[in-house]
**Student:** 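Below is a structure I'd like to ask you about.
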Amino acid sequence: MFTPSAASLTPDYPTLRAQIASILEGERDLTANAAQFSAFIYDTIGDLNWAGFYLVRPVKTVGKNGDTHELLVGPFQGKVACARIAFGRGVCGTSASERRTVLVPDVHAFPGHIACDSASNSEIVMPIIKNGQLYGVFDIDSPSLNRFSLDDQAGLESLLAVFVEATDLV
Ligand code: SME
């Protein structure tokens with residue numbers, strides 16, 4: 001069984017990549033792998049207060065913008081969060097609609113940021129894309145300002161790529 005070392009502020013991403021690949025090996029179920037991935041990130045990356053998935057799902061109620069799909073919270077670690085986020089709203093909705101990683105050094109300076117947990121001060125959101133299709137985003141929040149460097153971005157994207165490869169996305 002995997003025993004994490006202490007969460008690190010400057011994680012050894014190649015080692016974490018090997019560990020998460022081995023944890024997910026032999027299982028392709030989305031809920032199982034997303035739960036394991038969230039727990040792994042929360043346990044191994046230091047100074048976080050939230051880590052988890054928002055998945056693309058049909059809208060509950062068709063709104064003014066006419067979108068047929070929106071983001072719905074999935075497996076995560078941390079405090080209870082907002083359940084549904086429209087494309088283009090907040091950091092998660094921006095990452096989803098622009099299909100790119102959004103690195104926010106100070107969430108209070110990000111127009112439209114959705115404050116699910118008032119403890120959050122910085123955030124990184126990465127899109128989950130496979131074969132050109134958007135399946136959701138992975139959101140990581142920190143209570144510290146400027147928690148995530150460009151090295152963290154590259155490392156975290158590489159961990160998410162292992163998850164995407166190992167999982168049957170729906
Ligand atoms: N802050 C996010 C919302 C999700 S919570 O942080 C878990 C946003 O602005 O999209």
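Please read these numbers as outputs of a predicted model, since none were measured by experiment. Counting starts at 1 for both ligands and their atoms, in listed order.
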**Student:** Glu123 heavy atoms, cut-off 4.0 Å: which ligand 1 atoms fall inside?
**Tutor:** 1 (N), 2 (C), 6 (O), 8 (C)

**Student:** For ligand 1, is any non-hydrogen atom under 4.0 Å from Val107's backbone (N, CA, C, O), its side chain (CB onward), both, or neither?
**Tutor:**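 Neither; nothing of Val107 gets under 4.0 Å from ligand 1.
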
**Student:** Find all atoms of ligand 1 within a distance of less than 4.0 Å from any non-hydrogen atom belonging to Tyr54, and give their numbers and elements.
**Tutor:** 4 (C), 7 (C)

**Student:** Answer yes or no: is there a side-chain heavy-atom contact under 4.5 Å between Leu16 and Ile45?
**Tutor:** yes

**Student:** Counting only heavy atoms, which portion of Val91 has something under 4.0 Å from ligand 1: side chain, backbone, both, or neither?
**Tutor:**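 For Val91, backbone and side-chain atoms both sit under 4.0 Å from ligand 1.
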
**Student:** What do you reckon, does Asp141 have a nitrogen or oxygen under 3.5 Å from a nitrogen or oxygen of ligand 1?
**Tutor:**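 Indeed, backbone or side chain, Asp141 has an N or O that close.
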
**Student:** Are Asn146 and Ser122 side-chain neighbours, meaning at least one heavy-atom pair lies under 4.5 Å?
**Tutor:** no

**Student:** Is it the case that atom NZ in Lys130 sees more than 12 heavy atoms from other parts of the structure closer than 6.0 Å?
**Tutor:**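 Counting other residues, nucleotides and ligands, NZ of Lys130 exceeds 12 neighbours.
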
**Student:** Do any nitrogen or oxygen atoms of Cys92 come within less than 3.5 Å of a nitrogen or oxygen of ligand 1?
**Tutor:**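 Between Cys92 and ligand 1, an N or O pair is found under 3.5 Å apart.
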
**Student:** Any N or O on Ile114 sitting closer than 3.5 Å to an N or O of ligand 1?
**Tutor:**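 Yes, at least one N or O pair falls under 3.5 Å.
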
**Student:** Should you measure from each heavy atom of Gly90, which atoms of ligand 1 turn up under 4.0 Å away?
**Tutor:**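 Near Gly90, meaning under 4.0 Å from one of its heavy atoms, ligand 1 has 9 (O), 10 (O).
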
**Student:** Would you say the side-chain atoms of Glu70 pair up with the backbone N or O of Lys60, donor to acceptor, closer than 3.5 Å?
**Tutor:**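 A pair under 3.5 Å: yes.
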
**Student:** With atoms numbered from 1 as shown, which atoms in ligand 1 lie under 4.0 angstrom from a non-hydrogen atom of His113?
**Tutor:** 1 (N), 9 (O)

**Student:** State, yes or no, whether a side-chain contact exists between Leu48 and Phe148 at a heavy-atom distance under 4.5 Å.
**Tutor:** yes

**Student:** Students often mix this up, so state it plainly: with edges at 30° and 60°, are the rings of Phe37 and Phe163 parallel, tilted or perpendicular?
**Tutor:** tilted

**Student:** For atom 5 (S) of ligand 1, grab the closest protein heavy atom and report residue, atom and distance to one decimal in Å.
**Tutor:** Cys116 SG, 3.2 Å

**Student:** With heavy-atom distances below 4.5 Å as the criterion, would you say the side chains of Phe87 and Leu134 are in contact?
**Tutor:**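 Yes, side chains in contact.
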
**Student:** Does Ile140 reach the side chain of Ser142, with side-chain heavy atoms less than 4.5 Å apart?
**Tutor:**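 Of all side-chain heavy-atom pairs linking Ser142 with Ile140, none is under 4.5 Å.
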
**Student:** For atom 4 (C) of ligand 1, which protein heavy atom lies nearest, and how many Å away is it?
**Tutor:** Asp139 OD2, 3.4 Å

